[in-house]
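The chains referred to below are lettered A, B, ... by the order of the sequence lines, with proteins before strands, and numbering in each begins at 1.
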Number of protein chains: 2
Amino acid sequence: MTDDARSPQLLRAVMALRAKLLAGEFPPGERVAELTLAPLLGVSRTPLRLALGVLEHEGLLRTLPGGGFVVRDFTLADLRDAIELRGILEGSAARFAAERWSNPRSFNRLVSAVAAMDALYAADSFDFAAYVTENERFHAALLDLAQSPMLSRALAQATALPFASPSAFVWAQSEIDKRNHILLIAQDQHRLILEAVQNREGTRAEALAREHARLALRNLEAALKNRTAMDAVPGSALIRTDSEDDDHALRA
Amino acid sequence: MTDDARSPQLLRAVMALRAKLLAGEFPPGERVAELTLAPLLGVSRTPLRLALGVLEHEGLLRTLPGGGFVVRDFTLADLRDAIELRGILEGSAARFAAERWSNPRSFNRLVSAVAAMDALYAADSFDFAAYVTENERFHAALLDLAQSPMLSRALAQATALPFASPSAFVWAQSEIDKRNHILLIAQDQHRLILEAVQNREGTRAEALAREHARLALRNLEAALKNRTAMDAVPGSALIRTDSEDDDHALRA
DNA sequence: AGCAGAGTTAATGCATGCAATATAGCGAAA
DNA sequence: TTTCGCTATATTGCATGCATTAACTCTGCT
């Protein structure tokens, strides 16, 4: 995301630290010290410092007033906002795609992603991994059709938070929705978005894509009642559930 | 933005380099080398490296595949997209504000900003600097009422580009619109947004705020015909005007 | 003359040492 | 007992030296 292969140490530090954060190895709110992290990640302090900056941009860390970083914690309100924000941006991408798309080849990528997901539903056993891949292809194709680098940047930042990604709750769905009703609805929305884009119905495409993102909200509410489903959500360890989602719990 | 006073060298490097970039001291597309920049900014390479990362995140620089950074150039299509994106996000902020606002004191900040701008219009000579201040207060109050940290982050990133800020074209207006017709329209929109938020008309507030941002688009089109007006736009030195017919927008 | 390869140069990436500062702990005084 | 201040420690911030690698050039060969 930041550098390709030219910064092995930086890349290593970012990936390793991100994995540890998402795994919940560091409690939210705790200060992460460079000197303790450096040996853990096997890198020196210089690339580690850069990695901390990257993770801060992604939103997983926050800077302290006095310097240094703490693991950020997220409330349920943050999750809902992140999902809604993704819906806003993907809705705009859908609108732009409807208004602007011109290249039939790019459009065909959207069609083929929908067709591929249709084929997955026809199969006997549902292949979740393949679905996630095709789902991301769909969203990528939509963003490509929008032809808006600025929007791409904003969406990339918004979906950098793990639980805000388009397929964040797909794995949870396998737990809470055995019959895959929600996935059927999602696929129907994919088809409708495709149709709206094809017909250049910008407003309709935007509304559909916004509502499509809100499926993740429904999954979130359902997953909250099911611990094993919630554990399947990436980054769930950073969600503050102990002292309620509402503000200041009196720390005794 | 990144650190407060704990990183004097980093802060110095970010501000100095940003100023030089916006002033057009480095031609867009040119590689910025650390070793040449370090003595120019009076900082060492370590904080300079961090500063380059910050400016990259802001969008003023791009990383090269082989490492290093280049000054980013912007097409007119990029400007239009950036303004439209700001409209999308501020529209959402207005909708959230309408749907969620509860604290009368925060709401009053919105009211007072509008009133202050009204007062500025009543004066004999129009105080542009004061207008910019109050305009930013209006937008800040709206964002505050939205109560969405995620949206705030996204908007902060979107408006980090200088020409995408809410008051980027106000100075240009003093050149191209001596009678301030556009500012009168802008102020009317401020009032309407305030009214919609007060009445909890979310959809209306969103549409109004989107259209409000598009005033900047109109100013952009007007400023393009007036060189001195365009020079008043911050960061105009980074806009690619030589090869004209902005690439992918009209590419069909 | 053009292309390829090797050598050289210059820029980035990384590591470590040093200095400045915030924090925590302890003690003394009110 | 509480609070203020001092000290000690630990952590961040910065600078510089070194290694690696990419780019450029020059030369020799086809």
Query raised in the report: Over how many whole Å does the gap from A/L52 atom CG to D/dT11 atom P extend?
Result: 14 Å

Report task. Could you check whether the rings of B/H57 and A/H57 sit parallel, tilted or perpendicular, using 30° and 60° as the cut-offs? Result -> parallel

Query raised in the report: D/dG17 C1' sits how many Å from B/L35 CG, rounded?
Result: 12 Å

Report task. Using modelled atom types only, decide if a donor and an acceptor are shared between the side chain of A/R86 and the backbone of A/A164 within a distance under 3.5 Å. Result -> yes

Query raised in the report: Among the nucleotides D/dG13, C/dG13, D/dT16, which one has an atom lying closest to any side-chain atom of A/P8?
Result: C/dG13

Query raised in the report: Once you round it to whole Å, what is the distance between C1' of D/dT12 and CG of A/L50?
Result: 14 Å

Requested in this report: Using atom types as modelled and distance alone, determine if a side-chain donor or acceptor of A/S92 lies under 3.5 Å from a backbone N or O of A/I88.
Outcome: yes

Query raised in the report: What is the distance from CG of B/L10 to P of C/dA20, rounded to the nearest Å?
Result: 19 Å

Requested in this report: Quickly work out the A/L41 CG to C/dA15 P distance and round it to whole Å.
Outcome: 12 Å

Requested in this report: Take B/T46 and B/T36, find for each the nucleotide of DNA chain C with the closest heavy atom, and name the residue whose nucleotide sits nearer the 5' end.
Outcome: B/T36

Report task. Could you pick out which residue, A/Q9 or A/R31, lies toward the 5' side of DNA chain C when each is mapped onto its nearest nucleotide? Result -> A/Q9

Query raised in the report: Quick one: which of D/dG13, C/dA11, D/dG17 gets closest to the side chain of A/E34?
Result: D/dG13

Requested in this report: Could you check how far CG of B/L11 sits from P of D/dG13, rounded to whole Å?
Outcome: 12 Å

Query - Distance in angstrom units between B/R45 CZ and C/dT16 C1', rounded - result: 14 Å

Query raised in the report: Hey, is the main chain of B/R105 close enough, under 3.5 Å, to the side chain of B/N108 for a donor-acceptor pair?
Result: no

Query raised in the report: Which is it for B/E58 and B/R18 under the salt bridge (charged side-chain N to carboxylate O under 4.0 Å, His left out) test, yes or no, and what are the steps along the way?
Result: CA-CA 10 Å; B/E58 286 186 12; B/R18 189 194 290 137; 2.7 Å; yes

**Report entry** For atom CG of B/L48 and atom P of C/dA11, their distance in whole Å
**Finding:** 13 Å

Query raised in the report: Where the side chain of B/S44 is concerned, which of C/dG17, D/dA15, C/dA15 is the nearest nucleotide?
Result: D/dA15

Report task. Using a 4.0 Å heavy-atom cut-off across all strands, classify B/R49 as base, sugar-phosphate, or nothing. Result -> base

